[in-house]
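Below you'll find the structure, written out as structure tokens, and then a few comments.
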Amino acid sequence: AQSVAQPEDQVNVAEGNPLTVKCTYSVSGNPYLFWYVQYPNRGLQFLLKYITGDNLVKGSYGFEAEFNKSQTSFHLKKPSALVSDSALYFCAGGRDDKIIFGKGTRLHILP
Amino acid sequence: EAQVTQNPRYLITVTGKKLTVTCSQNMNHEYMSWYRQDPGLGLRQIYYSMNVEVTDKGDVPEGYKVSRKEKRNFPLILESPSPNQTSLYFCASSLLADEEKLFFGSGTQLSVL
């Protein structure tokens, strides 16, 4: 069965420090992978996606993600965190018309 | 403006009283889907639709119905709501089911008493 895991419920990072939000996947074949962000009282917003090609994908708001096939990971990264990055982040993956979401990771950026 | 519109934003109802949450998209998307979001469980798919008149069960379809009579609309129907359906619901759409990004509505917070 396909699955997407976000091993951390919450990540705390000091403002200005680099941040990483982890995601691992179990999807047959070559997966499509996504990151979404959810701010309070809002729907999810698309950040970035990996379909094929370069393993480093750049997205909105300075975020990027690295696809690692051998480790089946797709971690979200940002070189310098902002307080405004505090939100709930979802990794999603899929193939063959099926998309599965992880349980989400709450990111707290501490001023 | 490209958007997915859900209504209502908030809904309080009682057990057994039928309700419908509407969803409409203005992007001519083929694919539409309903999710529920619960603490600690993330997003779980309820139903999805690949095109008009084509709907399929997601991971948690029990107690829900959907219809896709027009491309732009994908209402979620709870025939006899129960307290365990208290949740935050999201409608989403995309050009393709798995390759293209999803556009999400603002959500409907449902409380069933």
Side-chain angles (χ1 to χ4, degrees), chain A residues 1-10 21-25 27-53 57-61 63 65 74 87-106, chain B residues 1-10 21 23-25 27 29-51 54-61 76 87-109:
Chain A
Q2 299 185 133
S3 65
V4 172
Q6 293 180 244
E8 302 154 318
D9 291 334
Q10 182 169 308
V21 183
K22 296 179 180 178
C23 173
T24 59
Y25 65 88
V27 177
S28 58
N30 295 316
Y32 304 129
L33 297 165
F34 301 81
W35 276 101
Y36 291 87
V37 59
Q38 185 181 30
Y39 298 104
N41 301 314
R42 302 284 296 275
L44 279 71
Q45 299 176 32
F46 170 80
L47 277 179
L48 52 82
K49 72 176 180 182
Y50 172 84
I51 302 296
T52 187
V57 179
K58 294 188 182 298
S60 306
Y61 311 122
F63 283 94
F74 189 56
L88 184 59
Y89 290 80
F90 288 95
C91 181
R95 188 77 192 182
D96 299 328
D97 301 332
K98 180 72 174 176
I99 286 285
I100 297 172
F101 283 82
K103 294 183 178 181
T105 298
R106 189 163 297 281
Chain B
E1 179 187 357
Q3 61 184 359
V4 177
T5 303
Q6 272 180 253
N7 281 297
R9 285 295 304 271
Y10 303 94
V21 183
C23 175
S24 179
Q25 50 93 5
M27 295 166 280
H29 284 167
E30 303 282 336
Y31 179 84
M32 297 187 74
S33 182
W34 276 102
Y35 297 88
R36 60 178 287 173
Q37 182 179 10
D38 301 289
L41 298 177
L43 266 71
R44 294 181 293 168
Q45 190 178 48
I46 302 170
Y47 269 95
Y48 65 97
S49 170
M50 301 294 288
N51 211 329
V54 179
T55 63
D56 283 293
K57 296 178 180 179
D59 299 316
V60 288
L76 178 69
S87 186
L88 179 58
Y89 291 85
F90 287 101
C91 179
S93 72
S94 72
L95 277 171
L96 296 171
D98 51 11
E99 291 183 50
E100 295 295 328
K101 66 181 181 182
L102 287 163
F103 290 79
F104 281 84
S106 297
T108 296
Q109 180 65 59

Carefully, step by step, assess A/Phe101 and B/Gln45 under the rule side chain to side chain contact (heavy atoms under 4.5 Å, CB included).
-> CA-CA 9 Å; A/Phe101 283 82; B/Gln45 190 178 48; over 6 Å; no

Check against side chain to side chain contact (heavy atoms under 4.5 Å, CB included), B/Leu102 and A/Phe34 = CA-CA 10 Å; B/Leu102 287 163; A/Phe34 301 81; over 6 Å; no

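Taking CG from A/Leu44 and OH from B/Tyr35, the interatomic distance works out to 9.5 Å, rounded to the nearest 0.5 Å. To the nearest 0.5 Å, atom CZ of residue A/Phe46 and atom CZ of residue B/Phe103 are 8.5 Å apart. In this structure, CZ on B/Phe104 lies 8.5 Å from CZ on A/Phe90, to the nearest 0.5 angstrom. Atom CD1 of residue A/Ile99 and atom CG of residue B/Leu43 lie 12.0 Å apart, to the nearest 0.5 angstrom.
Taking each heavy atom of B/Arg9 and A/Asn41 in turn, the nearest pair found is NH2-O, 3.2 Å.
No part of A/Ile100 comes within reach of chain B, as not one of its non-hydrogen atoms sits under 4.5 angstrom from that chain. For a residue to count as touching a neighbouring chain, one of its non-hydrogen atoms must lie under 4.5 Å from one of that chain's; by this rule A/Gln38 touches chain B with the side chain only. Neither the backbone nor the side chain of B/Gln109 comes within less than 4.5 Å of any heavy atom in chain A.
Put simply, of B/Pro39, B/Gly107, B/Gly40, the one with the most heavy-atom pairs under 4.5 Å next to chain A is B/Gly40.
Among residues at least two apart or in separate chains, salt bridge (Lys or Arg N to Asp or Glu O under 4.0 Å) pairs with a member in residues 32-50 of chain A are A/Lys49-B/Glu100.
Applying the side-chain contact (heavy atoms from CB on, under 4.5 Å) rule to B/Leu41 yields the partners B/Asp38, B/Arg44; only residues at least two apart in sequence or on another chain are considered.
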